[in-house]
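The figures here come from the full heavy-atom set of this structure, side chains too, leaving out hydrogens, waters and symmetry mates.
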Amino acid sequence: MNISIINPNQDSHPIEIILNNNEMKIVKKAKNFNFEIPKLDNRFFYDDEGYIISEHKVKKGYFKNNKWKARVDSNGVKEEKNPTNLDVVCKAIEDAVNKALTDHKAMNE
């Protein structure tokens, strides 16, 4: 999995995940594969392209063509003063996707 954050010195950042071939095989086998967007202090995620859908007050991420993308905002805190730095954001997203991949793989074995 490759996670990229573009323009890390702004208050709003495009974030993108591209899955590797093995991860994509799991996603393709799933019906409606999704992962729970983590709740992080001083951060929020949004998009307007259908990669994030709110379901029962829980935001879920959906992949399209082996890619997930959204924007992550610093929620009013200057980036350099945000206690939840972008490395933490990337790790939390990676962990959430890996958990969903592992859960789905285990359900289908």
About how many Å separate [atom2] of [Y] and [atom1] of [X], when rounded to the nearest 0.5 Å?
X	Y	atom1	atom2	result
C90	H13	SG	NE2	10.0 Å
L86	S74	CG	OG	9.0 Å
M24	L101	CE	CG	10.0 Å

Quick check: does any side chain N or O of [X] sit under 3.5 Å from a backbone N or O of [Y], one acting as donor and the other as acceptor?
X	Y	value
N20	E23	yes
D73	R43	no
W68	E16	no
D47	I52	yes

With a 6.0 Å cut-off (strictly less than), is the heavy-atom count around NZ of K64, excluding the residue itself, greater than 12?
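Enclosed.
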May I ask you to check whether over 12 heavy atoms, not counting those of N2, lie within 6.0 Å of atom CG?
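Yes, because the 6.0 Å sphere around CG of N2 holds more than 12 heavy atoms from other groups.
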Is there a path of hydrophobic side-chain contacts, each under 4.5 Å between heavy atoms of I, L, V, M, F, W or Y residues, that connects [X] with [Y]?
X	Y	answer
I26	I93	yes
L19	I5	yes
F44	V77	no
V72	M1	yes

Do K91 and D87 meet the salt-bridge criterion of a basic N to acidic O distance under 4.0 Å?
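Looking at D87 and K91, the cut-off is not met.
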Non-neighbouring partners of D103 that pass side chain to side chain donor-acceptor pair (under 3.5 Å), sequence neighbours left out
K99
Qualifying residues under side chain to side chain donor-acceptor pair (under 3.5 Å), relative to N98, sequence neighbours excluded
none
Contacts of K59 that satisfy salt bridge (Lys or Arg N to Asp or Glu O under 4.0 Å) - sequence neighbours left out:
none
List the steps and the verdict of side chain to side chain contact (heavy atoms under 4.5 Å, CB included) for I15 and V89.
CA-CA 10 Å; I15 184 170; V89 171; 4.2 Å; yes
Only counting residues at least two apart or in another chain, list the ones meeting ring-ring contact (aromatic ring centres under 6.0 Å, His included) with Y62.
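Checked Y62 against ring-ring contact (aromatic ring centres under 6.0 Å, His included); zero matches.
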Show me, pair by pair, the donor-acceptor contacts under 3.5 angstrom made by side chains of residues 32-40, not counting sequence neighbours?
unit_1	atom_1	unit_2	atom_2	d
N34	ND2	N32	O	3.1

Whichever hydrophobic residues join I18 through chains of side-chain contacts under 4.5 Å:
none
Considering non-hydrogen atoms only, spot the tightest contact between E94 and I3 and give its length.
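Heavy-atom minimum between the residues: CB-CD1, 3.5 Å.
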